Number of protein chains: 2
Amino acid sequence: MAKATGLTHNQQIVFDVLSHADRPQTAYEILGSELAHENGLKAPLTIYRALEALVDKALVHRIESLNAFIACDHEPHPEPAAFLICRNCRKTHETTMEACSGIFQATARQQLFTVEQVTIEMSGLCAECQAQARS
Amino acid sequence: MAKATGLTHNQQIVFDVLSHADRPQTAYEILGSELAHENGLKAPLTIYRALEALVDKALVHRIESLNAFIACDHEPHPEPAAFLICRNCRKTHETTMEACSGIFQATARQQLFTVEQVTIEMSGLCAECQAQARS
DNA sequence: ATCTATCACGTTATGATATAACATTTCAAA
DNA sequence: TTTGAAATGTTATATCATAACGTGATAGAT
Ligand SMILES: [Zn+2]
Ligand SMILES: [Zn+2]
Ligand SMILES: [Zn+2]
Ligand SMILES: [Zn+2]
């Protein structure tokens with residue numbers, strides 16, 4: 001759970017909620033959390049604004065295929081992350097994809113496309129849920 | 001624009017709409033299209049059901065970061081596709097990512113994770129929109 | 001031929017995700 | 001102290017997606 005500085009009050013609350021969660025949280029799940037409620041965050045827009053700022057600061061990643069958000073596992077990083085997302089328990093593992101950066105860049109360059117943002121998400125079953133399925 | 005067989009009436013309509021579109025379409029954009037309207041498709045669920053079947057058949061891909069759908073550029077393929085998505089005009093280029101498959105598999109294997117679905121989306125500016133921005 | 005299981009489809013309602021518009025507060029730089 | 005930018009509050013609304021339940025077409029079994 002990374003520490004963060006220079007956050008506003010609302011951003012800090014939202015970041016704390018995500019940092020303590022063991023899987024990605026939707027904006028409305030964050031809104032419904034005890035921590036958010038205790039601190040007076042009670043409108044969706046409040047959450048979305050904080051999330052936008054946190055994503056800009058690269059402290060939080062948006063998981064597109066879940067419409068949810070997860071605190072970054074590492075120090076804030078510009079390079080693309082990849083996520084292994086369990087479709088059963090939603091637990092999500094973050095990893096970097098440096099090995100693919102060159103391939104992505106080459107692909108984009110071929111199309112004269114300027115990449116600003118890369119999303120890599122792999123959905124499937126985590127080890128625990130596979131074991132559970134077998135039992 | 002690929003041809004498709006074994007589609008139901010609704011699926012064929014939705015597929016035709018996507019095939020003629022020059023960029024990904026949301027379910028509600030499809031719903032609002034002339035072709036859909038002419039053919040009596042008038043409820044969101046009708047569109048979503050057809051889309052689900054088309055995605056299952058791999059004739060259509062879902063673009064997670066747009067909540068939209070695009071007809072597959074190629075013959076139906078099981079291997080993951082990657083998309084270059086212009087944030088300005090939304091035009092989207094599909095390409096395959098065979099070069100990354102090994103890396104993805106290795107990453108998953110390390111976590112004992114079974115991958116079922118891979119999403120690769122790159123957002124940025126297409127060549128046309130870059131030129132336009134400069135002028 | 002008709003029964004029955006299955007699948008696609010229709011219809012209505014509702015749930016879930018996200019943003020627009022505008023007012024107010026905060027707070028630090030000038 | 002003024003004042004301007006950023007953050008926040010509040011209300012309303014837009015956008016995306018599915019639940020629940022009923023109907024009609026199709027096809028194999030009897
Ligand atoms: Zn990260
Ligand atoms: Zn799991
Ligand atoms: Zn494809
Ligand atoms: Zn463009």
Side-chain angles (χ1 to χ4, degrees), chain A residues 4-18 21 23-33 35-57 59-70 85 87 90 92 117 119 121 123, chain B residues 4-18 21 23-33 35-57 59-70 85 87 90 92 117 119 121 123:
Chain A
T5 59
L7 298 186
T8 68
H9 178 247
N10 287 359
Q11 288 163 21
Q12 186 67 58
I13 304 298
V14 170
F15 183 72
D16 285 351
V17 172
L18 288 180
R23 68 203 72 188
Q25 302 289 297
T26 68
Y28 283 80
E29 284 170 345
I30 296 168
L31 183 64
S33 72
L35 190 53
H37 190 77
E38 284 168 358
N39 285 275
L41 281 65
K42 57 186 181 189
L45 192 44
T46 304
I47 308 297
Y48 279 107
R49 285 203 276 233
L51 285 169
E52 183 183 14
L54 291 167
V55 169
D56 282 351
K57 292 175 208 274
L59 294 170
V60 164
H61 299 292
R62 178 181 168 89
I63 307 296
E64 296 289 353
S65 57
L66 294 179
N67 295 325
F69 300 84
I70 190 171
I85 305 162
R87 68 164 157 78
R90 288 211 308 175
T92 294
Q117 172 113 36
T119 299
E121 298 177 10
S123 177
Chain B
T5 59
L7 299 185
T8 67
H9 178 249
N10 287 0
Q11 288 162 22
Q12 188 65 59
I13 305 298
V14 169
F15 183 72
D16 286 350
V17 172
L18 288 179
R23 69 203 71 189
Q25 303 288 297
T26 68
Y28 282 81
E29 284 168 345
I30 296 168
L31 183 64
S33 72
L35 189 53
H37 190 77
E38 284 168 357
N39 284 276
L41 281 65
K42 56 187 182 188
L45 192 45
T46 305
I47 308 297
Y48 279 108
R49 286 201 275 229
L51 285 170
E52 184 182 14
L54 291 168
V55 169
D56 283 350
K57 293 175 207 275
L59 295 171
V60 164
H61 300 293
R62 177 181 168 90
I63 307 296
E64 295 289 353
S65 57
L66 295 178
N67 295 325
F69 300 84
I70 190 171
I85 306 162
R87 67 163 157 80
R90 287 209 309 173
T92 295
Q117 172 115 35
T119 299
E121 298 177 10
S123 177

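Note that this is a predicted model, so its numbers are computed, not measured. Each chain gets a letter, A, B and so on, in the order its sequence line appears, and its residues count up from 1.
If you measure from atom CD1 of B/Ile47 to atom P of D/dT15, you get 17 Å, rounded to the nearest angstrom. In this structure, the CG atom of A/Leu54 is 10 Å from the P atom of D/dT8, given to the nearest Å. Taking atom CG on A/Leu51 and atom P on D/dT8, their separation rounds to 12 Å, with Å as the unit. Rounded to an integer number of Å, the gap from CG of B/Asp56 to P of C/dC7 is 13 Å.
Partners of A/Thr8 under the side-chain hydrogen bond (donor to acceptor under 3.5 Å, both in side chains) rule, at least two apart in sequence or in another chain, are A/Gln11. In this structure, B/Arg23 has no side-chain hydrogen bond (donor to acceptor under 3.5 Å, both in side chains) partners at least two apart in sequence or on a different chain.
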Begin from the C-alpha positions of A/Asn67 and A/Arg62 and carry the test side chain to side chain contact (heavy atoms under 4.5 Å, CB included) through to its verdict. CA-CA 7 Å; A/Asn67 295 325; A/Arg62 178 181 168 89; 3.0 Å; yes
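Without hydrogens or angle criteria, B/Glu121 side chain to B/Glu64 main chain gives a donor-acceptor distance under 3.5 Å.
One finds a side-chain N or O of B/Thr8 lying less than 4.0 angstrom from the OP1 or OP2 phosphate oxygen of C/dC9.
Shown are B/Leu59, B/Ile47, B/Val60; of these, the side-chain contact (heavy atoms from CB on, under 4.5 Å) with B/Val14 is made only by B/Ile47. Screening B/Asn39, B/Leu54, B/Leu41 for a side-chain contact (heavy atoms from CB on, under 4.5 Å) involving B/Asn10 leaves a single residue, B/Leu41.
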Would you mind building the protein contact string for nucleotides 10-28 of chain C? One character per nucleotide, 5' to 3', B for base within reach (heavy atoms under 4.0 Å), S for sugar-phosphate only, - for untouched. BB-----BBBBB-------
